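Reviewing the structure listed below.
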Amino acid sequence: MCGIVAYVGHQPAREILVEGLKRLEYRGYDSSGIAILNDRPYLTKAVGKVAALEQRVWKDNPEGSVGIAHTRWATHGKPTEPNAHPHVDCTGQIYLVHNGIIENYLPLKKRLMAAGHRFCSETDSEVLAHLVEEAYQGNLEAAVQRALQQVQGTYGIAVIHRAHPQEIMLARRGSPIVLGVGKEESLAASDISALAQHTDQVVYLEDNEVARIGPGRFSITTLENRPVSRGTTLLEIGPESMERGSFPHFMLKEIFEQPEAVENALRGRINHAEGVAKLGGLESVFDRLQQARHLIIVSCGTSYYAGLYGRYVFEALTDLTVETELASEFRYRKLNLRQNTVVLAISQSGETADTLAALREAKRKGALVLGLVNVVGSSIARETHAGVYCHAGIEVGVASTKSFTSQMTILVLMALLVGRGRDLSYEEGMSIIHGLEKVPDDMRAILAQSDQIRKLAEKYCAAQHFLYIGRKYQYPIALEGALKLKEIAYLHAEGYAAGEMKHGPIALIDPAFPTMAIAPEDGSYEKVISNIQEIRAREGHIVAVTSRGNTTLGSLVDDIIEIPRNHEILTPLLSVLPLQLFAYHCAVLRGCDVDKPRNLAKSVTVE
Ligand code: F6R
């Protein structure tokens with residue numbers, strides 16, 4: 001949610017920190033701040049976008065080549081300058097930025113205030129600066145270790161001290177911190193996107209570790225001061241993946257990257273000779289997977305809808321019983337995990353707090369826990385027993401698009417792997433594989449209709465409410481289509497199982513309440529047609545997403561968007577694209593900030 005950048009080296013820190021914050025802005029962005037060490041340390045903060053901070057920094061032009069910076073997504077206390085980070089201790093020596101939540105901050109604050117510490121903000125984070133101050137006796141690393149030993153909750157922090165002008169201390173528990181090591185300079189950030197411009201040598205900090213970085217060097221210890229030996233890893237994502245290129249928004253770029261993202265998800269993962277998927281990440285647990293009887297998929301938001309789709313796919317291709325559960329609910333259920341239960345956590349960021357907590361709970365109960373994650377090296381990827389990466393590339397737009405279709409593709413591969421180990425025939429396996437291989441070109445054909453979809457957005461975007469309906473494989477797509485419209489165009493949209501509509505929401509239908517009906521000519525087509533008729537009878541306007549060459553829908557609906565024909569199970573990988581484009585064009589037409597919708601953050605690291 002919040003973002004951290006830190007720099008120590010030989011270059012002016014201001015450009016590197018501000019540029020880093022801009023790259024992190026997609027994670028959360030209601031205020032920001034920066035501190036740079038110098039004879040007179042520089043500290044400035046601003047409410048709103050990073051551009052507001054940037055203006056101040058350019059005007060002040062601070063010197064110094066050691067600094068820390070932060071973008072905040074408010075949890076404790078409103079987005080105001082005093083609540084923005086960095087926080088400063090009472091002596092003005094220590095500057096600290098924090099991501100996460102300090103759960104016991106109230107008793108800590110009370111104790112610190114009784115001991116004479118003066119607080120300037122309403123945040124939980126500020127206690128950390130005072131705890132480090134209290135623990136400091138000349139050794140900053142030891143002070144950070146001692147301070148963090150008193151803390152409950154989650155943190156990723158960066159700390160600088162005027163008496164240590166050539167080093168930055170970092171620490172993590174539950175909130176990511178990555179170090180980037182260059183020649184005579186080092187960086188750290190909460191997300192590799194802020195580092196990729198500067199170095200391809202990175203080090204992922206683990207929970208309960210403290211790192212000390214200096215120009216071109218780093219060392220790591222545990223909170224108990226035991227040394228940790230870890231080398232750097234090569235960062236595989238180049239800086240160009242953070243550029244928008246000729247696209248006006250990252251979201252549009254990422255929608256158009258989907259054919260390639262699906263190709264990446266499939267690359268090297270198909271065994272044609274045996275009609276099965278090859279998923280190296282699951283090899284170590286393959287025997288347990290083959291004995292599994294039950295699958296529970298846990299995730300949030302768009303990843304939850306991918307999971308819902310996965311349920312239909314696993315039920316179709318395997319004999320597993322499948323449940324999907326919102327991670328935020330799953331983590332607090334009284335879990336009675338049956339023997340041979342596999343839990344699959346799906347997450348783009350790999351850092352979603354609820355999904356992480358859910359998988360930890362499932363692990364504690366003895367389940368085999370798998371991950372389906374996009375961000376390499378993220379917490380969920382590291383904490384699951386085994387898993388598969390999406391390889392969709394960095395997703396910058398806050399609204400998830402290419403990650404969704406990558407997740408769906410891999411869910412099909414996983415179901416294929418499990419199914420072929422059971423009673424799914426070679427022919428059935430191959431028909432899925434052929435369909436999957438056709439998906440990227442089918443997607444390209446849909447993307448070519450973007451202008452036509454923009455015209456539909458022009459026609460409908462004045463409506464205030466929308467209904468999205470779909471059945472079976474298309475039901476999760478109705479939910480996802482509605483979510484996209486809500487989150488980026490701020491239009492109210494209800495996603496519904498088409499058959500459920502007459503149990504309530506049909507009461508809403510009138511000429512000002514259009515419906516997006518996902519109606520490819522599949523096994524549920526006739527049933528969806530009946531639901532479309534019910535809407536028509538109430539004078540509701542309908543846009544249908546249907547199969548190319550459909551000859552029956554034209555007279556029943558107002559507008560049609562055609563998608564290529566493919567295997568019924570795979571059609572949702574196609575039908576979601578027009579809905580993403582529709583939401584995108586509506587948002588642009590309504591003047592919304594597409595890549596950074598209000599109140600949202602890319603990586604939801606708080607509960
Ligand atoms: C919607 C969206 C969110 C995320 C959700 C889970 O477009 O992006 O609903 O899907 O916050 O995030 P991850 O997948 O990172 O766990």
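No experiment lies behind these values; they were computed from the predicted model shown. Order of appearance sets the numbers: ligands from 1, and atoms from 1 within every ligand.
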**Request:** Tell me which part of E351 gets within contact of ligand 1: side chain, backbone, both or neither, using heavy atoms under 4.0 Å.
**Result:** neither

Starting from [atom], what is the nearest protein heavy atom, named by residue and atom, and what distance separates them?
atom: atom 10 (O) of ligand 1; answer: T302 N, 3.0 Å
atom: atom 11 (O) of ligand 1; answer: V604 CG2, 3.9 Å
atom: atom 6 (C) of ligand 1; answer: C300 O, 3.3 Å
atom: atom 14 (O) of ligand 1; answer: S303 OG, 2.5 Å

**Request:** Return the option from I346, I488, T352, L372 holding the heavy atom at the smallest distance from atom 13 (P) of ligand 1.
**Result:** T352

For [X], counting its heavy atoms only, list the atoms of ligand 1 lying under 4.0 Å from any of them.
X: G301; value: 9 (O), 10 (O)
X: E487; value: 1 (C), 7 (O)
X: S347; value: 13 (P), 14 (O), 15 (O), 16 (O)

For residues 406-418, dump all side-chain donor-acceptor pairs below 3.5 Å to protein atoms at least two apart in sequence or in another chain.
from, atom 1, to, atom 2, distance (Å)
S406, OG, K402, O, 3.0
Q407, NE2, S303, OG, 3.0
T409, OG1, T405, O, 2.7

**Prompt:** Are H465 and F513 close enough that their ring centres sit under 6.0 Å apart?
**Reply:** yes

**Prompt:** Heavy-atom distance under 4.5 Å between the side chains of K484 and M251, does that happen here?
**Reply:** yes

**Any residue meeting salt bridge (Lys or Arg N to Asp or Glu O under 4.0 Å) with K365, in chain and number order, not counting sequence neighbours** = E361

**Prompt:** Between the side chains of H585 and S450, is a donor N or O closer than 3.5 angstrom to an acceptor N or O?
**Reply:** yes

